[in-house]
Amino acid sequence: MDLQDSEGCTSDYVVVYDGPSPSYPVLGRLCGTAESVLTSGSQMFVEFVSDGETESLGFMATFIALRPGENIALGKSASQAADLSASHGPENAVDGDVRTCAVTTDLQEPWWRLDLGAAYAVMKVRIYTNGNGTVGDMTNFQVRIGASTDMSQNAVCGDKWTDSPLNHNVIEISCGDAILGRYVTVQIEGRADHLRLCEVEVFLEQEDALPAYECGQTSAYVISGEYGLLSASWNITNQNGDAGENGVDSVYSVNSNCSWLISAQNGGLVTITFTTLDLPDSAGCTDGHVAVHDGADSQAPLLGRFCGGSLPPTLISLGTVFVRFVTSGRQVATFGATFAVGKSRNLALSRSAEQSTTRVALSAGLAVDGHVGNGACAETTIMAQPWWRVDLGGDYLVQKVRLFGSSDGTLQAAEVRVGSSRDVQENALCGATFSDEQDNRETLELDCGLAIVGRYVTVQLRAERSLQLCEVQVFPPTELDAGFITEMGPDIVESSGAPLVSANSAPNTLDGNAATYWAPSPTDGNLGSVLYDLRQPYWVYYIRVVNSGDGAHYVTSFTLESSETGQDYTVAANLTFTQDAAAEIFDGFFARGRYWRFTVTGVAGGSEPWVAEIQLYGAPAWVRPLGCWTDRASRAIQPLEGTDPLLSDSYLSLISL
């Protein structure tokens with residue numbers, strides 16, 4: 001590094017960015033002193049700038065690509081508080097042989113330290129406590145990572161293991177977010193003892209890269225891909241030209257307006273899941289926001305407008321979604337979101353999960369965090385028939401379940417059940433029990449055959465050992481998204497709340513025109529309802545509602561009821577809109593009926609509701625006349641075992657044929 005050395009490196013300098021362009025975060029701004037930098041992902045952008053005032057030799061750098069899953073501690077330099085003997089030195093913990101161990105003498109709060117030689121973004125540390133396979137004592141220990149040889153100045157990786165003892169032969173600690181540091185230390189805290197480490201492994205686990213569509217590289221994207229990442233992350237020199245803290249430019253957004261148009265082929269679902277949100281929290285989101293529209297442009301119904309720091313809920317739309325990012329003024333403005341396009345989506349992602357027991361900190365939620373083979377895995381202790389369960393949050397049709405196991409374990413004798421009961425044995429079996437020797441593998445995909453209605457998906461081992469699941473994915477039948485019922489023209493049997501203007505009648509909810517709307521007049525606490533006759537029974541699994549007018553007339557909540565005969569209605573779902581959403585798709589329920597009543601239970605401004613469209617999606621509940629199983633939608637409700645109490649006698653007679 002032979003460049004003009006100036007304060008803040010403002011004359012000649014090299015800037016390294018953590019991504020494919022200068023709009024990504026700065027990893028380092030260098031001029032007088034050479035240093036190592038490491039990206040958090042698979043791309044780096046390097047920029048060299050010279051002002052022409054002085055002549056120097058310039059700079060030279062080497063780069064190396066690190067493979068995910070590679071132990072970067074192997075063979076590196078290590079030290080410890082005091083060696084028990086010459087044969088128990090600190091290097092034994094990084095020699096790749098768990099049979100040789102680093103051991104300290106008995107002393108107060110003994111420590112062991114690894115020097116990686118450069119700063120790395122560490123995600124996971126694995127510790128082997130005993131080389132002979134027996135359990136080692138690691139009560140009250142802590143792992144730290146950072147740039148200082150003084151371990152107290154560095155960041156803690158994972159939980160502080162100071163309250164609960166960890167007595168295991170192998171301990172795996174996930175740092176959560178990556179920690180950038182050169183030194184990794186392990187220390188026993190709060191007592192005098194010896195520290196025994198037979199091997200310490202350090203990993204830089206990375207997610208599989210998503211196609212990135214970043215605001216700044218271009219201002220308008222038209223996307224037809226199946227998945228990807230939408231992002232806006234600004235790192236722009238402030239208007240005074242001075243550098244911020246630590247010589248890194250202050251983070252400001254400029255007046256910006258970026259958009260993404262995402263289209264699904266054949267009218268499939270588009271799912272938007274926010275991963276980060278850091279925008280000014282202003283009334284009406286006037287200082288910057290992300291807006292998601294259910295259509296091709298900003299005039300389409302609004303699914304939601306978001307600002308502040310709280311992550312919005314997952315948004316679902318049909319066919320086309322328009323996302324717009326707007327900032328104004330000198331404010332931090334960052335967001336990230338993933339999108340997925342298709343007729344099948346992972347119903348288990350980020351849902352609530354639990355398991356029979358938990359080994360160390362390997363909790364059930366690690367199997368639904370979206371990290372397939374890259375992050376920590378959910379794991380139970382060794383026990384008879386351990387189980388893991390995810391709550392989908394509502395009743396769904398489940399067609400397939402995909403299991404990703406651990407390289408250290410096996411899915412042999414795994415059994416998957418789906419149903420509405422928390423008691424696993426009361427639910428239906430999905431696929432077969434994998435007990436054959438050839439199924440002793442890390443990844444399994446189970447097809448339920450005939451789709452099963454259920455809220456809970458359980459994985460259980462029919463054996464005595466630990467259950468290890470790195471990820472569990474749950475999918476509905478792929479043809480669900482073609483079931484738009486109300487476009488076929490159901491009959492409106494009745495509606496309550498006579499509109500003030502006759503043109504604003506209930507049939508407007510079925511005309512496919514968002515410019516017309518139904519505006520019932522509230523009477524005696526009744527905000528309005530409309531009853532549809534679908535002319536034959538249907539299974540309904542989601543509903544799309546489009547509001548009209550300004551926000552004061554938006555429906556905020558409603559009830560959906562169903563009946564086979566037009567009498568004795570059963571509540572299928574009580575549903576609430578995302579705040580400020582003009583349109584939304586609701587799922588998480590599954591019900592059957594010919595007659596469906598939509599009842600408004602909440603309006604934003606307390607006045608009459610204005611509803612442009614009400615669309616039901618599902619599948620016919622009768623067998624087609626050309627044969628018992630002419631489409632998978634009908635197959636989906638064939639009884640799996642015995643009889644299904646939801647099926648009518650006439651339907652059962654057709655099955656018997």
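All of these numbers come straight from a predicted model, not from anything done at the bench. Side chains included, hydrogens not; waters and symmetry mates left out as well; all remaining heavy atoms used.
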What's the verdict on side-chain contact (heavy atoms from CB on, under 4.5 Å) for Phe63 and Met44, showing C-alpha distance, side-chain angles and the deciding distance?
CA-CA 10 Å; Phe63 70 89; Met44 171 189 288; 5.8 Å; no
Run the side-chain contact (heavy atoms from CB on, under 4.5 Å) test on Trp518 and Val611 for me, step by step, so that the C-alpha distance in whole Å, both residues' side-chain angles and the decisive distance to 0.1 Å come before the verdict.
CA-CA 5 Å; Trp518 168 53; Val611 183; 4.0 Å; yes
Step-by-step side-chain contact (heavy atoms from CB on, under 4.5 Å) determination, Phe274 to Phe306
CA-CA 10 Å; Phe274 284 82; Phe306 309 106; 3.9 Å; yes
Walk me through it: do Asp391 and Ser352 pass the test side chain to side chain donor-acceptor pair (under 3.5 Å)?
CA-CA 5 Å; Asp391 180 354; Ser352 175; 5.6 Å; no
Could you check Val143 against Val184 for side-chain contact (heavy atoms from CB on, under 4.5 Å), going step by step and ending with a plain yes or no?
CA-CA 7 Å; Val143 175; Val184 179; 4.3 Å; yes
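Ion pairing of Lys400 with Glu445 is present here, as a side-chain N (NZ or NE/NH1/NH2) and a carboxylate O approach within less than 4.0 Å.
Listed for the Asn154 side chain is a donor-acceptor partner under 3.5 Å among the backbone atoms of Ser148. Formation of a donor-acceptor pair under 3.5 Å by the Arg29 side chain with backbone atoms of Cys9 is found in this model. Panel note: side chain Arg351, backbone Leu392; a donor-acceptor pair is recorded below 3.5 Å. Counting only distance, with no hydrogens or angles, the side chain of Asp12 and the backbone of Asp51 share a donor-acceptor pair below 3.5 Å. Side-chain N or O atoms of His289 include one that pairs as donor or acceptor with a backbone N or O of Cys285 at under 3.5 Å. Using modelled atom types, one side-chain atom of His293 and one backbone atom of Ala300 make a donor-acceptor pair closer than 3.5 Å. With hydrogens and angles disregarded, no donor-acceptor distance shorter than 3.5 Å links the side chain of Tyr17 to the backbone of Gly28. Panel note: side chain Ser557, backbone Gly602; a donor-acceptor pair is recorded below 3.5 Å. At least one donor-acceptor pair closer than 3.5 Å links the side chain of Asn547 to the backbone N or O of Val555. A donor-acceptor contact shorter than 3.5 Å links the side chain of His553 to the backbone of Glu608.
Nearest heavy-atom pair, Cys31 versus Ser6, reported as atom, atom and distance to 0.1 Å: SG-O, 3.9 Å. When all heavy atoms of Ile179 and Cys157 are compared, the pair lying nearest together is CD1-CA, 3.9 Å. Smallest separation of non-hydrogen atoms from Val530 and Ala506: CG2-CB, 3.9 Å. Residue Leu277 comes nearest to Ser310 through the heavy atom pair CD2-O, 3.3 Å, listed as atom of the first residue, atom of the second, then distance. For the residue pair Ser607 and Ala552, the shortest heavy atom distance occurs at OG-O, 3.5 Å. Heavy-atom minimum distance, Trp388 versus Ala364: NE1-O, 3.0 Å.
Taking 4.5 Å as the limit, some side-chain heavy atom of Ser259 sits within range of a side-chain heavy atom of Phe322. No side-chain heavy atom of Thr509 sits less than 4.5 Å from a side-chain heavy atom of Gln615. Proximity of Glu584 to Asp294: side-chain heavy atoms (C-beta onward) are nowhere separated by under 4.5 Å. You'll find the side chain of Val545 reaches within 4.5 Å of the side chain of Phe577, heavy atoms only. In this structure the side chain of Thr334 never reaches within 4.5 angstrom of the side chain of Leu279, judged on heavy atoms. The side-chain heavy atoms of Ile543 and Leu560, taken from C-beta on, include a pair separated by under 4.5 Å. A heavy-atom distance below 4.5 Å is found between the side chains of Leu616 and Trp596. Contact annotation: the side chain of Val14 approaches that of Val46 to within less than 4.5 Å [non-hydrogen atoms, C-beta and beyond].
Between Tyr541 and Phe589, the distance separating the two ring centers is not shorter than 6.0 angstrom. Taking the ring centroids of Phe586 and Tyr542, they lie at or beyond the 6.0 Å cut-off. Here Phe48 and Tyr13 keep their ring centres 6.0 angstrom or further from each other. Annotation: Tyr532 is not in aromatic contact with Phe598 [ring centroid separation under 6.0 Å not met]. Ring to ring, Phe335 and Trp260 are close: their centroids are under 6.0 angstrom apart.
Of the inter-residue distances, the one linking Gln4 atom CD with Ser11 atom OG reads 4.0 Å to the nearest 0.5 angstrom. One finds the CD atom of Glu214 at 9.0 Å from the SG atom of Cys258 (value rounded to the nearest 0.5 Å). The line from CG of Leu30 to CG of Leu3 is 8.5 Å long, rounded to the nearest 0.5 Å. How far CG of Asp278 is from SG of Cys307: 11.0 Å, rounded to the nearest 0.5 Å. Taking OG1 from Thr320 and CD1 from Ile262, the interatomic distance works out to 10.0 Å, rounded to the nearest 0.5 Å. With rounding to the nearest 0.5 angstrom, the CG atom of Leu469 is 11.5 Å from the CG atom of Leu362.
Scored by the side chain to side chain donor-acceptor pair (under 3.5 Å) test, Asn508 finds no partners at all (sequence neighbours excluded). Listed by chain and residue number, nothing satisfies the side chain to side chain donor-acceptor pair (under 3.5 Å) test with Tyr554 (two or more places apart in sequence, or in another chain).
Relative to the six-membered ring of Phe203, Lys124 meets both conditions, a distance below 6.0 Å and an angle of at most 45° to the axis.
For the pairing with Leu303, the side chain to side chain contact (heavy atoms under 4.5 Å, CB included) check across Ile272, Ile585, Val292, Val323 returns one residue only, Val292.
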